There are 2 protein chains.
Amino acid sequence: MTKKVSLKDIANKVGVSTALVSYVLNGQEKEKRVGVEIARKILKVAKELNYKPNQIARSLRKGSTKTIGLIVADIANPFFGYLARFIEDEANKYGYTVIFGSSDESNSKSAALTDILINRQVDGFIIVPTEGSEDQIKNLIQRNIPFILIDRFFPELSTSYITLDNYSASNEATRYLLKKGYKRIGIIAYKSKLIHMQERIAGYVDAIASQKNNYGPFIKEIRFDNVEQDIENAINDLVIKNKKIDALFFATNSLSIAGLYCICKYGIKVPDELALVGFDGNESFDFFYSPLTYVEQPISEMGKESVRVLVDLIDGKDKIIHIELKHKLIIRKSCG
Amino acid sequence: MTKKVSLKDIANKVGVSTALVSYVLNGQEKEKRVGVEIARKILKVAKELNYKPNQIARSLRKGSTKTIGLIVADIANPFFGYLARFIEDEANKYGYTVIFGSSDESNSKSAALTDILINRQVDGFIIVPTEGSEDQIKNLIQRNIPFILIDRFFPELSTSYITLDNYSASNEATRYLLKKGYKRIGIIAYKSKLIHMQERIAGYVDAIASQKNNYGPFIKEIRFDNVEQDIENAINDLVIKNKKIDALFFATNSLSIAGLYCICKYGIKVPDELALVGFDGNESFDFFYSPLTYVEQPISEMGKESVRVLVDLIDGKDKIIHIELKHKLIIRKSCG
DNA sequence: CTGAAAGCGCTTACAG
DNA sequence: CTGAAAGCGCTTACAG
């Protein structure tokens with residue numbers, strides 16, 4: 001790279017100190033009562049030299065980088081892709097840049113990422129926490145690093161977070177299936193102790209328990225690292241071999257997709273043989289011959305709010321904030 | 001944030017200079033012949049104090065941030081989401097972190113992003129360039145900032161780039177439709193002078209021109225900022241009202257999706273009334289009742305190679321590299 | 001109105 | 001084997 005032009009270069013050329021140049025370029029010529037003529041000259045030379053301030057130097061000096069660290073499960077997953085996009089746009093509005101990383105739901109990856117981003121002195125974090133990462137989160141608290149959890153959180157830890165009303169979302173979705181006359185409803189969820197998953201399962205279980213002639217619950221828990229195989233086994237058991245259920249609820253986006261592949265593969269008729277409800281929308285579900293009924297999350301709001309809260313936290317308004325966003329059940333053909 | 005522990009803190013505690021600490025922590029105790037005992041002690045204290053090096057300070061001193069700036073059109077678009085993911089993973093392997101931004105195909109956004117990232121002293125860029133951004137790219141060349149263009153490039157500028165064999169991909173796809181017996185084939189592309197789009201159109205046009213009883217070409221160019229309306233008009237003209245065509249080729253991912261929505265909306269039968277081919281795969285296309293035949297791009301390779309080339313560029317191996325990756329036509333039901 | 005100087009936290013030639 | 005010192009490019013109290 002060619003040598004960058006620095007404050008000093010401008011100062012030399014104009015014949016003043018770097019202090020003056022810094023004041024003028026930061027719009028403090030009024031407060032510091034810099035001479036009008038000299039200010040004009042500094043601006044002119046800065047422009048001529050195409051001066052770009054070195055943010056790294058500024059960051060070191062100011063102790064703030066105007067950078068947000070974003071850790072999601074997988075940036076290639078559309079849910080997180082959209083989330084990242086809204087976070088990016090909102091962060092930019094506040095003058096922040098975002099550095100991101102994907103944890104793949106792995107604890108060690110998330111720890112490594114957090115470390116890297118801390119070393120890079122991000123001003124704060126927006127984190128989709130992985131299962132078992134409580135210690136990492138505690139560490140952030142101890143070190144007084146501003147952050148907000150998103151999508152999931154740890155009830156036993158006192159942190160800011162923003163999440164969906166997962167319990168009632170899943171409860172409503174299940175009740176909707178019951179109301180439509182389905183009697184034996186299954187759920188496919190991830191095998192995870194994380195609260196969002198537990199709440200989704202609980203909402204389903206309670207809805208099932210509320211019915212008179214009680215069938216189920218039928219719960220299948222899928223391992224993150226073995227999705228396709230586990231889903232196939234689950235659907236085989238629930239639908240094909242043992243015909244236990246007449247309706248199925250997928251607890252996430254990625255489970256819906258994997259499940260649909262399987263359902264297509266075996267030619268299961270939706271909704272005649274099996275009604276379906278998913279969590280999160282996705283273009284894929286629109287083109288399925290029986291478009292999926294699903295729980296919609298306000299991703300845009302989630303992204304924007306997370307930035308707003310984080311920026312407040314960074315600015316020292318250190319209240320702990322809990323936000324629970326409302327879902328919306330989008331009804332289409334997959335439940336008849 | 002609580003006070004961070006610095007090199008100096010360790011040096012004070014051990015009773016040595018910061019130089020020694022720096023050497024030991026950077027694994028140069030051999031070269032600098034630091035005493036074994038003192039090295040051990042430094043390591044121990046660093047661990048006790050949970051020392052994390054301040055990358056910002058190191059970056060300022062070394063003049064390198066180990067950071068890559070990634071500019072894509074839209075991180076929420078699955079094509080770019082996957083690309084970002086592969087770039088992220090590969091960059092991490094080389095010890096780089098990635099800062100990203102979405103240009104929305106807008107020139108001014110891309111310029112603003114580039115500026116911000118330059119100020120943040122990224123070591124190099126991976127850029128999906130927007131139409132008309134030649135000046136921005138020239139500016140990078142002038143300033144000797146390492147970068148590689150990806151997905152698209154500017155033939156008249158001497159830069160490194162990595163792209164698909166767009167012409168032959170689109171040519172093969174069209175010839176495939178011809179071979180299947182379709183006579184009147186249309187293409188829906190973006191209205192853009194960017195090379196990847198022009199090549200895709202050219203590949204199609206030449207394939208059409210190669211047939212005996214010449215129908216077409218039927219080309220519709222969609223504006224980035226008016227996709228839905230323009231697509232609807234196009235399909236209306238080509239298929240519904242004037243029945244000009246019996247097969248349609250979508251030149252990108254996002255066009256396929258918007259097009260499919262429209263085709264579903266009007267209940268056009270695929271492939272009986274209209275055969276379809278798309279560019280890029282997508283889960284959506286798998287669940288469509290007549291799964292889309294499409295041109296597959298090696299996204300993983302594209303992402304990985306871009307990082308590899310960029311790192312070489314950053315390391316001063318300043319040859320200009322052009323890489324053209326091979327497509328693959330994935331044949332499914334949408335062409336009968 | 002303006003400048004000299006310290007300092008953010010590192011790395012690294014240089015001297016001993 | 002070890003340390004004092006300069007310097008990366010900024011910002012900012014302080015002194016005049």
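By convention in this document, chain letters (A, B, ...) are assigned in the order of the sequence lines, proteins followed by strands, and residues within each chain are numbered from 1. As the structure is a computational prediction, the values presented were derived from the model and not from experiment.
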Atom pair distance, as rounded to whole Å: [atom1] in [X] and [atom2] in [N]:
X: B:Leu25; N: C:dG9; atom1: CG; atom2: P; answer: 16 Å
X: A:Arg120; N: C:dG9; atom1: CZ; atom2: C1'; answer: 16 Å
X: B:Lys52; N: C:dC10; atom1: NZ; atom2: C1'; answer: 17 Å
X: A:Asn119; N: C:dG9; atom1: CG; atom2: P; answer: 14 Å
X: B:Lys66; N: C:dT11; atom1: NZ; atom2: P; answer: 14 Å
X: B:Lys62; N: C:dC8; atom1: NZ; atom2: P; answer: 21 Å
X: B:Arg58; N: C:dC8; atom1: CZ; atom2: C1'; answer: 16 Å
X: B:Leu7; N: C:dC8; atom1: CG; atom2: P; answer: 13 Å

A:Ser22 side chain, from C-beta outward: closest of D:dG9, C:dT11, D:dT11 |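 Out of D:dG9, C:dT11, D:dT11, the nucleotide with an atom closest to A:Ser22's side chain is D:dT11.
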Taking OP1 and OP2 of C:dC8, is either one under 4.0 Å from a side-chain nitrogen or oxygen of B:Asn54?
-> no
Decide, yes or no, whether a salt bridge links A:Lys138 with A:Glu134 under the criterion of side-chain N to carboxylate O below 4.0 Å.
->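 Here A:Lys138 does not pair with A:Glu134 in a salt bridge, since their nearest N and O are not under 4.0 Å apart.
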Single hit among A:Leu43, A:Leu25, A:Ile42 for side-chain contact (heavy atoms from CB on, under 4.5 Å) with A:Tyr51 = A:Leu25
Distances for protein N/O vs nucleotides 4-7 of chain D N/O pairs under 3.5 angstrom?
{"unit_1": "D:dG7", "atom_1": "N2", "unit_2": "B:Arg61", "atom_2": "NH1", "d": "3.3"}

Tell me what B:Ile56 touches on the nucleic acid: a base, only sugar-phosphate, or nothing, going by heavy atoms under 4.0 Å.
->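 Counting heavy atoms under 4.0 Å across all strands, no contact is made by B:Ile56.
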How would DNA chain C look in dot-bracket form, 5' to 3', counting Watson-Crick and G-U wobble pairs with both distances under 3.5 Å and writing | for bases paired to another strand?
-> |||.||||||||.|||
Sequence neighbours excluded - salt bridge (charged side-chain N to carboxylate O under 4.0 Å, His left out) pairs with any residue from residues 82-101 of chain B = A:Asp74-B:Arg85, A:Asp104-B:Arg85, B:Arg85-B:Glu88, B:Arg85-B:Asp89, B:Glu90-B:Lys93
Where do B:Phe153 and B:Tyr161 land on the ring-ring contact (aromatic ring centres under 6.0 Å, His included) test, with the steps shown first?
-> CA-CA 6 Å; B:Phe153 62 99; B:Tyr161 63 76; 3.7 Å; yes
